[in-house]
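Beneath this line is the structure, given in structure tokens, with notes to follow.
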There are 2 protein chains.
Amino acid sequence: MWPGGRGAVTAPVPLAGHPPLQEDRTEMAVTLADVAARAGVSSATVSRVLNGNYPVAGGTRERVRRAVAELDYVVNGQARALAAATSDLVGVLVNDVADPFFGLIASAVQAEISAGAEPGGGKLAVVCNTGGSPEAELTYLTLLERQRAAGVVLTGSAVESAEHTAAVTARLTRLAASGTRIVLCGRPPLTLPDGGIAPATVAFDNRGGARRLTEHLLSLGHRRIGYVSGPVERSTTRHRLEGHRAALAVSDRPLGPDAEAYAERLTVHGTYDRASGYDAALELLRREPELTAIVAANDTVALGVCAALRDRGLSIPGDVSVAGFDDLPFSADVSPALTTVRIPLQEAGARAGKLVMGRLAPPPGGVATVGTELMVRGSTAPPAVRTA
Amino acid sequence: MWPGGRGAVTAPVPLAGHPPLQEDRTEMAVTLADVAARAGVSSATVSRVLNGNYPVAGGTRERVRRAVAELDYVVNGQARALAAATSDLVGVLVNDVADPFFGLIASAVQAEISAGAEPGGGKLAVVCNTGGSPEAELTYLTLLERQRAAGVVLTGSAVESAEHTAAVTARLTRLAASGTRIVLCGRPPLTLPDGGIAPATVAFDNRGGARRLTEHLLSLGHRRIGYVSGPVERSTTRHRLEGHRAALAVSDRPLGPDAEAYAERLTVHGTYDRASGYDAALELLRREPELTAIVAANDTVALGVCAALRDRGLSIPGDVSVAGFDDLPFSADVSPALTTVRIPLQEAGARAGKLVMGRLAPPPGGVATVGTELMVRGSTAPPAVRTA
DNA sequence: CTGTTAGCGCCTTCAT
DNA sequence: ATGAAGGCGCTAACAG
């Protein structure tokens with residue numbers, strides 16, 4: 001602390017008589033120089049055998065190796081990074097690690113990043129949980145920039161505010177300028193204002209998937225379809241909703257000019273979780289008791305919708321059909337099994353991982369869109385015949 | 001946005017006197033010295049205002065702040081860590097990010113680690129996905145040691161092999177010796193050979209939970225109970241199985257001395273995933289067609305069991321009762337809702353996070369056990385009356 | 001309060 | 001093939 005300072009107040013001081021929280025013995029770690037001394041060579045030589053990027057005599061190398069083993073030497077990543085101006089950290093930003101949607105992507109990205117890692121080599125995939133908060137997203141980007149990360153993968157929907165987009169773009173531009181590879185996964189491509197090279201993007205066909213899903217419902221005969229959407233400001237939310245509306249727009253719903261207003265009335269926004277689905281379903285039933293189908297913005301929400309319907313004594317799909325989005329693993333296991341739109345999350349994640357590692361050339365135009373597939377299962381069926 | 005930042009939509013504009021941004025990835029980053037020059041002070045002063053741990057005159061501070069903003073300066077974490085011998089990385093090792101069990105824990109740990117992060121401060125939670133592989137676990141520990149991580153949280157079951165345990169213990173000992181805080185979460189406490197201080201541990205009462213679960217089944221009248229276990233060598237697997245057997249041991253099963261062999265025959269080992277549950281259920285039915293209940297090692301496995309039973313035309317719980325473990329979010333939503341054992345994963349994760357941040361004193365004895373709670377739901381019921 | 005001076009541990013030219 | 005020396009960017013004693 002500083003001279004005359006009064007800073008001692010903040011330091012967590014262990015109570016008298018009690019041992020400190022943790023053994024604070026800062027035993028000095030063994031360094032390159034220690035190894036060099038032990039092996040009877042210069043530290044430069046040790047560095048060379050460690051990195052294997054420069055010829056070293058066989059005998060010397062052996063001696064160094066032994067010294068390293070005997071001393072349990074572990075390189076100091078910080079020092080190495082500082083000297084070599086490279087880092088072995090790769091950041092993976094996700095909205096919610098607890099959500100399988102992101103878990104599956106992150107898992108695939110991570111596998112790709114660790115792939116082919118030699119003992120001693122290999123990048124460290126850093127999964128950062130933003131909780132969907134724009135501020136946290138920026139904070140993590142700063143943290144990663146501070147660590148001079150080798151790469152960054154941004155997954156999941158983007159918050160669509162001009163301010164936030166600008167802030168993210170600025171961060172990413174700087175990161176890219178300093179050599180960090182940027183990859184977007186499941187998020188719309190970014191356009192750089194100054195004509196700079198936009199990051200490689202693995203996009204999901206949310207719009208198309210949503211459209212086909214609603215078309216499926218329409219073709220079954222449904223006309224009064226509720227939609228449980230996500231938070232308004234997110235790109236994924238918007239795209240899925242647009243797909244849904246696009247399908248409705250070309251349908252023969254007998255509502256004429258009021259069609260749009262009707263669709264609007266049957267749309268409820270929520271968060272991407274189960275509780276929000278539950279509440280939204282009840283709200284939709286209130287707005288339109290004649291409802292025959294509900295489309296949810298994702299599978300988790302759909303589960304909440306199902307719960308609400310059951311609590312209302314309505315059967316699925318007898319009284320109301322329900323559909324989700326993403327095809328998370330549990331979706332095939334609930335009963336009735338959920339009709340949904342499958343996104344090849346693992347494949348997309350693997351692709352993003354390869355891109356950020358530079359093991360895959362960026363797609364032409366910078367954007368690769370992975371397709372979606374309609375999975376028709378037990379939760380959707382033709383509406384009950386009504387004798388209006 | 002930065003204080004004093006320009007308009008939201010403006011691209012980062014190179015400052016006069018500085019070379020323009022080039023897409024050439026050799027852009028030299030702004031350093032402390034640059035900021036110091038710009039502000040007309042020494043770099044030490046800049047460092048002081050940045051870290052706020054030393055008094056600096058108000059005017060000077062302001063000038064420095066402005067220079068930082070104008071130059072878009074971001075500290076180099078590597079250099080700082082090297083000089084200060086501290087890192088802001090905290091590793092969180094999980095078996096599988098795609099599994100909500102780990103996702104929930106990781107999410108809570110991470111939230112705790114980021115808690116109270118000032119803009120510019122804050123530790124970076126690094127979620128590392130081991131995939132359950134012992135080698136990957138060791139690799140990550142090495143990587144984290146290399147980065148001189150501030151802390152490490154190990155979550156999930158441990159592989160119970162003397163060799164691996166020794167290897168992990170060695171790594172952890174060294175990490176702890178160099179000042180890294182170690183916390184175990186959902187994994188049995190570690191005993192240090194040399195009397196060193198074992199890491200703080202947040203343990204789950206797997207044994208007790210499993211016992212109560214099987215007792216519940218027994219009290220319903222079940223006697224022929226199949227058990228779908230996890231991989232043999234994992235601690236969690238063993239504990240849950242032990243709890244199950246303990247309950248059986250005191251039951252009035254009319255099988256006499258053969259009881260143990262019978263229990264053995266009705267136990268199938270698998271991996272902790274859905275497919276394994278599916279296969280195991282079929283195998284159990286083959287071994288004992290008179291089965292009236294199946295206990296799964298976790299909820300995901302239970303889902304597979306349910307699917308298999310349904311495919312066999314058996315109703316749940318009419319023909320066979322099914323129970324799981326963990327009480328993951330989806331468990332209440334499948335139908336019938338799953339009887340299971342709830343582990344307060346978020347609470348446990350938060351605790352682990354506090355411990356690793358030094359915000360919570362280690363529990364007496366180093367081990368805090370979080371309780372489990374039996375959640376009786378629709379998937380279990382008395383067995384159908386049989387006219388043997 | 002502020003500047004000066006040493007390193008932190010490693011990599012990387014240069015010599016040899 | 002190896003060693004010596006300088007520096008990566010920052011913090012932390014010491015003076016003033």
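So you know, we letter chains A, B, ... as the sequences are listed, proteins then strands, and number each from 1.
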Are any protein N/O atoms closer than 3.5 Å to N/O atoms in nucleotides 12-16 of chain C? If there are, list each pair with its distance.
{"from": "C:dT13", "atom 1": "O4", "to": "A:R48", "atom 2": "NH2", "distance (Å)": "3.3"}

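Of all nucleotides listed (C:dC10, D:dG9, D:dG3), D:dG3 comes nearest to the side chain of A:V41. Picking from C:dC1, D:dT2, C:dC8 the nucleotide with the shortest atom distance to the side chain of A:A57 gives D:dT2.
The rotation axes computed at either terminus of the helix from C:dC1-D:dG16 to C:dT16-D:dA1 lie 30° apart, taking five pairs at each end and rounding to 10 degrees.
When the side-chain nitrogen and oxygen atoms of A:T60 are compared with OP1 and OP2 of D:dT2, one or more of them lie within a distance under 4.0 Å. Distances shown here put every side-chain N or O of B:T31 at or beyond 4.0 Å from the OP1 or OP2 atom of D:dG9. One finds no side-chain N or O of B:T45 lying less than 4.0 angstrom from the OP1 or OP2 phosphate oxygen of C:dT2.
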Do any side-chain atoms of residues 53-65 of chain A form donor-acceptor pairs under 3.5 angstrom with protein atoms, and if so which ones, sequence neighbours left out?
{"from": "A:R61", "atom 1": "NH1", "to": "A:V56", "atom 2": "O", "distance (Å)": "3.4"}
{"from": "A:R63", "atom 1": "NH1", "to": "A:A39", "atom 2": "O", "distance (Å)": "2.8"}

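Applying the side-chain hydrogen bond (donor to acceptor under 3.5 Å, both in side chains) rule to A:T45 yields the partners A:S42; only residues at least two apart in sequence or on another chain are considered. Residues that satisfy the side-chain hydrogen bond (donor to acceptor under 3.5 Å, both in side chains) test with B:T86, not counting sequence neighbours, are absent from this structure. Judged as a side chain to side chain contact (heavy atoms under 4.5 Å, CB included), and not counting sequence neighbours, the contacts of A:R38 are A:A67, A:E70, A:L71. For B:A79, the side chain to side chain contact (heavy atoms under 4.5 Å, CB included) partners are A:L82, B:N76, not counting sequence neighbours. Residues forming a side chain to side chain contact (heavy atoms under 4.5 Å, CB included) with B:T201 (at least two apart in sequence, or on another chain): B:L184, B:P189, B:A203, B:V367. Take B:L50 and apply the side chain to side chain contact (heavy atoms under 4.5 Å, CB included) test, not counting sequence neighbours, and it matches B:L32, B:V46, B:V68, B:Y73, B:V75.
Contact annotation: the side chain of B:V183 never approaches that of B:P199 to less than 4.5 Å [non-hydrogen atoms, C-beta and beyond].
Residue pairs meeting the salt bridge (charged side-chain N to carboxylate O under 4.0 Å, His left out) criterion with at least one member in residues 42-57 of chain B, sequence neighbours excluded, do not occur. Applying the salt bridge (charged side-chain N to carboxylate O under 4.0 Å, His left out) test to pairs two or more places apart or on separate chains, none has a residue in residues 82-94 of chain A.
Nearest-nucleotide assignment on DNA chain D puts the 5′-proximal partner with A:G58, out of A:G58 and B:A33.
A heavy atom lying under 4.0 Å from DNA chain C marks the following residues of residues 63-79 of chain A, by number: A:Y73, A:V75, A:N76, A:A79.
Judged purely by distance below 3.5 Å, without hydrogens or angles, the side chains of B:T155 and B:R187 never pair a donor atom with an acceptor atom.
Counting non-hydrogen atoms under 4.0 angstrom, A:L32 reaches the backbone sugars and phosphates but no base.
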